[in-house]
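Throughout, a chain's letter reflects where its sequence line sits, starting with A, and its residues are numbered from 1.
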Amino acid sequence: MYALVDGNNFYASCERVFNPALRHKAIVVLSNNDGIIIARSNEAKALGIKMGTPTFEIKDLIARQEVIAFSSNFALYGDMSRRMMHIFEDFTPDIEVYSIDEAFLDFSGFKQIDLKQTGIDLRRKVLKYIGIPVSVGFGPTKTLAKIANRIAKKYMKNGVALIDTPEKIEKALKMTPIDDVWGIGRRYTRFLQHHQVQTAWDFTRLPDAFIRKNMSVNGLRTKQELLGTVCIPMAYHPEPRKAIRTARTFAQTKSSYDELAEAISTFAATCARKLREQGSAANLVTVFIRTNKFDKKNPYYANNFTLQVNATSSSINLIKAAKTALQIIFKKGLNYKKAGVLVSGLIPETHRQLSLFDDQNIVKHKRLMQTIDQLNNSAGVSVVKFAAEGNFPLLQAAKKHPASSNTICWYNAKQYQSYVYVIKK
DNA sequence: TCTGGGGTCCTAGGACCC
DNA sequence: TCTGGGGTCCTAGGACCC
């Protein structure tokens, strides 16, 4: 048996932990730039606020304080998540961290265990030590555990549901709308409803050939999982990412190349840092930019360009490549609303092929990056960054006074069109 | 009129997840 | 006025190989 455990309204619950006065209040958590709603407490859901609602659509509710809105704080949520996962590990060592707020727990080694009681204990423990309410669903496959979790959340006062017999499977499938099945998204929901499939149970009545033809092998896996046959194995140890992406929607559009280049450089540096964190190097760098897709008055422009690089995790190399790609797709006279950098073709850093042209720099870059990472990690924030990233008011001062009191090191790496400098904490 | 057979690799697009 | 960010997998089709 597997359990799916997830934090109820996770981001909203995290905010609540630190402000108990918010209990029973309608609260929402907003995206980057406070653009849309990305999490809601039950009370906010009851007000009819949907996921993804643009914030401006509920600004009256916020102004009247009927809804309390928070800007997102992902550092906090990540920390809460780690602590929550740690508690899960007290119940079984075999866990798969599936997302920031949920994990699959493998209980197949526990033959004599009272799962229902285990779920209740787990819930109580997380609530006590972390302060986050969780729901626990048990099932013989991950897909059924997901369904059990939904039932736990919706109908069970103790937050725990167990699907462990053929009778319970059938009952659970019949009470689960097709769009609540893990693996069935918007498109397939529409398609299936068109074929008179309303519930998970209806779906399991479809012929395999029909599912295979219209929904690929994944659809078939979902059907088997719903019937109790494991097709989606546990992933106990996270694989290294195959692509890493950093992108932002801008609060204010950017139209000049320089402004955009600074943003792109920041994204590239972030990608580079994430690459180093997981010990990978990238062979491909993609840059994309787009204007406001909601703007009906002006023509929409979106483009991307991918450059091949010698496998690297150096911020310097990646910033340089990203800026080159940007030059190719940048068009003057447009107001850009969103931009991003994607690094892919990732390989383990240790497998990196030495190239004739850059092996001189690899060692230098490596030491520089290590030093920068150490400084930034120990400070907890970005105290060292590249001048190409811009947005650094001290840059001008540092240029004028390389040895000013708040500057302990000033390094101008002209050949990379970038600067590195270190500010005293 | 009629034009082999078998394979790999890569990419874009479309589906899904949180 | 104001609309998120970060991933994965599968498939079809094209390029290319012998």
> CG of A:Leu4 to CH2 of A:Trp182: how many Å apart, nearest 0.5 Å?
Replying inline: 8.5 Å

> How would you label the contact of A:Lys213 with the nucleic acid (heavy atoms, under 4.0 Å): base, sugar-phosphate, or nothing?
Replying inline: nothing

> Rounding to a whole Å, what distance do you find between A:Lys297:NZ and C:dT1:P?
Replying inline: 7 Å

> So which nucleotide from B:dC17, B:dC16, C:dG4 ends up closest to the side chain of A:Ile38?
Replying inline: C:dG4

> What is the nucleic acid contact for A:Asp101, judged by heavy atoms within less than 4.0 Å: base, sugar-phosphate only, or nothing?
Replying inline: sugar-phosphate

>> Of the options B:dC18, C:dC10, C:dG4, whose atoms approach the side-chain atoms of A:Ser216 most closely?
In response: C:dC10

> So, A:Phe107 versus A:Phe138, ring centres under 6.0 angstrom or not?
Replying inline: yes

> Which of the following nucleotides, C:dC2, B:dC16, C:dG5, is nearest to the side chain of A:Lys337?
Replying inline: C:dC2

>> Within this structure, what is the CG-CZ distance for the pair A:Asp179 and A:Arg190, rounded to the nearest 0.5 Å?
In response: 12.5 Å

> When the distance from CZ of A:Arg190 to C1' of B:dA15 is rounded to whole Å, what number comes out?
Replying inline: 12 Å

>> Counting the atoms with a prime plus P, OP1 and OP2 as sugar-phosphate, which does A:Val97 contact under 4.0 Å by heavy atoms, base, sugar-phosphate, or nothing?
In response: nothing

>> Applying the 5.5 Å / 30° rule, does A:Phe294 stack onto the base of C:dT3?
In response: yes

> If you pin A:Arg221 and A:Met51 to their nearest nucleotides in DNA chain C, which one's is more 5'?
Replying inline: A:Met51

> How is A:Thr55 classified with respect to the nucleic acid when contacts are heavy atoms under 4.0 Å: base, sugar-phosphate, or nothing?
Replying inline: nothing

> Which nucleotide sits closest to the side chain of A:Val217: C:dT3, B:dC17, C:dT11?
Replying inline: C:dT11

>> If I take atom OG from residue A:Ser13 and atom CD1 from residue A:Ile27, how far apart are they, to the nearest 0.5 angstrom?
In response: 7.0 Å

>> Tell me whether the side-chain N/O atoms of A:Lys146 come closer than 4.0 Å to OP1 or OP2 in B:dC18.
In response: yes

> Over how many whole Å does the gap from A:Asn33 atom CG to C:dG5 atom P extend?
Replying inline: 7 Å

>> Measure CZ/A:Phe191 against P/B:dG14 and give the value in whole Å, please.
In response: 17 Å

>> Between B:dG4 and C:dC17, how far apart are the two C1' atoms, rounded to whole Å?
In response: 15 Å

> Can you tell me how far NZ of A:Lys296 sits from CZ of A:Phe294, rounded to the nearest 0.5 angstrom?
Replying inline: 7.5 Å

> For C:dT11, does either OP1 or OP2 sit under 4.0 Å from a side-chain N or O belonging to A:Arg212?
Replying inline: yes

> When you check the gap from the basic side-chain N to the acidic O, do A:Lys171 and A:Glu167 get nearer than 4.0 Å?
Replying inline: no

> Do the ring centers of A:Tyr98 and A:Phe104 come within less than 6.0 Å of each other?
Replying inline: yes

> Testing A:His365, A:Arg273, A:Arg276 for side chain to side chain donor-acceptor pair (under 3.5 Å) with A:Ser315, which one passes?
Replying inline: A:Arg276

>> What I'd like to find out is whether the side chain of A:Thr253 reaches to under 4.5 Å of the side chain of A:Lys337, using heavy atoms alone.
In response: yes

> Where along residues 230-259 of chain A does a heavy atom fall under 4.0 Å from DNA chain C?
Replying inline: A:Arg241, A:Lys242, A:Ala243, A:Ile244, A:Arg245, A:Thr246, A:Ala247, A:Arg248, A:Thr249

>> Among B:dC16, C:dT1, B:dC17, which nucleotide has an atom closest to any side-chain atom of A:Lys59?
In response: C:dT1

> Using Watson-Crick and G-U wobble pairs whose two distances are both under 3.5 Å, how do you write the pairing of DNA chain C as dot-bracket, with | for links to another strand?
Replying inline: ....||||||||||||||

> Does A:Asn218 or A:Lys338 map to a spot on DNA chain C nearer the 5' end, using the closest nucleotide for each?
Replying inline: A:Lys338

>> Heavy atoms only, 4.0 Å cut-off, all strands: where does A:Ile184 land among base, sugar-phosphate and nothing?
In response: sugar-phosphate

> For the side chain of A:Ile36, counting heavy atoms from C-beta on, which of C:dT11, B:dC17, C:dG4 is nearest?
Replying inline: C:dG4

> Got a second to check how far A:Ile178's CD1 is from A:Thr222's OG1, nearest 0.5 Å?
Replying inline: 8.5 Å

> Which of parallel (below 30°), tilted (30 to 60°) and perpendicular (above 60°) describes A:Tyr77 and A:Phe74?
Replying inline: perpendicular

> Over how many whole Å does the gap from A:Arg187 atom CZ to B:dG13 atom C1' extend?
Replying inline: 11 Å

> Under 4.0 angstrom, heavy atoms only, what part of the nucleic acid is A:Glu57 near: base, sugar-phosphate, or nothing?
Replying inline: nothing

